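Remember, it's a predicted structure, so these values are computed and weren't measured experimentally.
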Amino acid sequence: MKKVAFLFPGQGSQAVGMGKDLYENFEAAKAVFDTADKTLGKSITKICFEGPEEDLKQTVNTQPSIVTMSIAAMEAFKSELDITPDFAAGHSLGEYCAMYAAGVMSLENTLKAIQKRADLMGATKGGSMAAVLNASEEQLKEALEVGSKAGYVDVANYNSPSQVVITGADEAVKAASEHLLANGVRRVVPLAVSGAFHSKFMENAGNEFAEFISDFELNNAKLPVITNVDAQATVNADDFRAKMPKQIYSSVHWTQTIQKMVEEGVDTFIEIGPGKVLAGLNKKIASEAAVYNVFDKASLDATIEALKGNMSLV
């Protein structure tokens, strides 16, 4: 029997208009958007459907918008096809969708948690990030050593074998980036972010978040969630409570997360949410695995058609 994993994207996958045709075509999707508007006391629906882009790309709006749209897409998908994944995982903020998919939190608590996370991360200023393409482990290690002489620098995201993101103090990230470019790495792309996400700059935000969720109702997961901080299968509610704050200031082990699921027998991944970023990364991490996307009605219909053609999956 084939094994299926649901994947949920993170910040950077947002686009104005996302989720609109799901809202208009699926009652299950509409219900999620309506709940988000009510729970968060602002119109996530309007921010997603109309923008403007300037509003959508602010962290305090981006995170709850992507989570709302991704969960709406999943509920629409499941309303059309009776499918339960064997595993779930999400990239950074996408992990909250994975926890929701696994029954760890109610929709309302998922939305409240991601809004608090977004508020805390958005309020933490200073530092920068840069994507590094096609650097060897040795080149990256050397660059981090050089950068650390100018200040704190670390790896924020292990996105694929050919892409990592570095994070930290402005001067340290700059020094590491310049060293990479001077030593054979062709592309280092500074990222337009408000701060050094997934770095120790975010520790205070993580600590405040830990307080916020200390009395949250969390359930044991109904299916394993492979968590960003350690790329391990997590089921216990107390483990989620410990890992959620840590995830804000720790590296995202995405490459290792996909590799772990492949080791566990997953050969079919369904990316649910805006864009196709994770599908692109998957081709570099696990090229032999099948990858489908659900981000609008057309892609939802196409994915269902493909899965029904493979009856061992449904």
Can you check whether [X] reaches [Y] side chain to side chain, under 4.5 Å on heavy atoms?
X: E288; Y: D267; result: no
X: F269; Y: F87; result: no
X: I270; Y: I83; result: yes
X: P245; Y: I213; result: yes
X: P274; Y: I66; result: yes
X: E75; Y: F26; result: no
X: Q232; Y: I226; result: no
X: F8; Y: M74; result: yes

(request) Applying ring pair (Phe, Tyr, Trp, His ring centres under 6.0 Å), name anything that partners Y158, two or more places apart in sequence or on another chain. (result)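 So Y158 forms a ring pair (Phe, Tyr, Trp, His ring centres under 6.0 Å) with H253.
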
(message) Could you work out, with ring pair (Phe, Tyr, Trp, His ring centres under 6.0 Å) as the rule, every residue matching F216, not counting sequence neighbours?
(response)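 F216 satisfies ring pair (Phe, Tyr, Trp, His ring centres under 6.0 Å) with F212 once adjacent residues are dropped.
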
Test your reading of the model: is there a side-chain donor-acceptor pair from [X] to the backbone of [Y], 3.5 Å cut-off?
X: D86; Y: V4; result: yes
X: T303; Y: N293; result: yes
X: N25; Y: D21; result: yes
X: T35; Y: A31; result: yes
X: Q139; Y: S136; result: yes
X: E95; Y: N228; result: yes
X: K125; Y: G122; result: yes

Taking all non-hydrogen atoms of both residues, which atom of [X] and which atom of [Y] are closest, and how far apart?
X: A150; Y: A175; value: CB-CB, 4.3 Å
X: L223; Y: A102; value: O-CB, 3.6 Å
X: T59; Y: A118; value: O-CB, 3.5 Å
X: K57; Y: T62; value: C-OG1, 3.2 Å
X: V229; Y: S250; value: CG1-CB, 3.9 Å

Those residues that, when tested against [X], pass side-chain hydrogen bond (donor to acceptor under 3.5 Å, both in side chains) (two or more places apart):
X: N157; result: none
X: E264; result: K260
X: K42; result: N61, Q115

(message) With side chain to side chain contact (heavy atoms under 4.5 Å, CB included) as the test, pick out the partner of V173 among I166, V188, L191, D154.
(response)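 Result: among I166, V188, L191, D154, I166 is the only option passing the side chain to side chain contact (heavy atoms under 4.5 Å, CB included) with V173.
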
(request) Determine the sole option in V32, V67, D37 for which the side chain to side chain contact (heavy atoms under 4.5 Å, CB included) test with I44 is passed. (result)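 When side chain to side chain contact (heavy atoms under 4.5 Å, CB included) is applied between I44 and each of V32, V67, D37, only D37 qualifies.
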
(message) So, taking the atom named CE in M99 and the one named OG1 in T227, what distance separates them when rounded to the nearest 0.5 Å?
(response)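 M99 CE to T227 OG1: 9.5 Å, rounded to 0.5 Å.
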
(message) With rounding to the nearest 0.5 angstrom, report the CD to CG distance, Q63 to L93.
(response)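 One gets 5.0 Å once the value is rounded to the nearest 0.5 Å.
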
(message) Are F33 and F49 an aromatic pair, judged by ring center distance below 6.0 Å?
(response)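 Distance test on ring centres: under 6.0 Å, yes.
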
(request) Please determine if K243 and D230 form a salt bridge, counting it only when a charged side-chain N lies under 4.0 Å from a carboxylate O. (result)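 Salt bridge between K243 and D230, a charged N being under 4.0 Å from a carboxylate O: yes.
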
(message) Between K174 and D170, does any NZ, NE, NH1 or NH2 come within less than 4.0 Å of an OD or OE carboxylate oxygen?
(response)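 The answer is no: the pair does not qualify as a salt bridge.
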
(message) Distance alone, cut at 3.5 Å: any donor-acceptor contact between the side chains of T45 and S43?
(response)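 Per modelled atom types, T45 and S43 side chains form no pair under 3.5 Å.
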
(message) Assess, by modelled atom type and distance only, whether the side chains of K3 and T268 contain a donor and an acceptor separated by less than 3.5 Å.
(response)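 Their side chains do not contain a donor-acceptor pair, so the 3.5 Å distance test is not met.
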
(message) One pair to check against side chain to side chain donor-acceptor pair (under 3.5 Å): S92 and H198. What are the steps and the verdict?
(response) CA-CA 9 Å; S92 191; H198 298 292; 2.7 Å; yes

(request) Take V165 and W254, measure what side chain to side chain contact (heavy atoms under 4.5 Å, CB included) needs, and give me the verdict at the end. (result) CA-CA 11 Å; V165 174; W254 190 252; over 6 Å; no

(request) Tell me, please, which residues at least two apart from K78 pass salt bridge (charged side-chain N to carboxylate O under 4.0 Å, His left out). (result)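 K78 satisfies salt bridge (charged side-chain N to carboxylate O under 4.0 Å, His left out) with no residue once adjacent residues are dropped.
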
